Amino acid sequence: MAARRRKLRSGTVLLGGMGVLAATLTACGSEPDRRCVKPVTKEVLPDYECDDDSSSGRYYYGGHVSNGKVTDGSFDKSAVDRGGFGSSGSGGG
């Protein structure tokens, strides 16, 4: 009987751990990538260029970087659908 009780406990721990892992993966996949860019040219800048209102950069969400410029994303964070674990992560805008 003790062996049966031990097996039940380990199964409960395993299922609980799987739930924590699933919640972690979902939370990690909910934020789109964010890059600091020049608003007109979409050239990627260092993050400190977006840190205050007097800076020359703005944050751009999602998209892809090619030759130092970002495409296929948006300045509007809510317009970018990151998706969950295993998604392509492309956005519109």
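None of the values given here were measured: they were computed from a predicted structure.
Nearest approach of Gly62 to Val70, heavy atoms of both residues: O-CG2, 4.0 Å. Heavy-atom minimum distance, Gly57 versus Cys36: CA-SG, 4.1 Å.
Side-chain atoms of Arg35 do not come within 3.5 Å of backbone N or O of Leu45 as any donor-acceptor pair. One N or O on the side chain of Tyr60 and one on the backbone of Gly73 form a donor-acceptor pair closer than 3.5 Å.
Contact check on Lys69 versus Glu43 returns no salt bridge, with no Lys/Arg side-chain nitrogen under 4.0 Å from an Asp/Glu carboxylate oxygen.
By the 6.0 Å and 45° rule, Arg34 does not stack over the aromatic ring of Tyr61.
Side-chain contact check for Ser78 and Asp76: at least one donor-acceptor pair (N or O, by modelled atom type) lies under 3.5 Å.
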Please test Tyr59 against Asp47 for side-chain contact (heavy atoms from CB on, under 4.5 Å), starting from the C-alpha separation and ending with a verdict.
-> CA-CA 9 Å; Tyr59 282 115; Asp47 280 341; 4.0 Å; yes
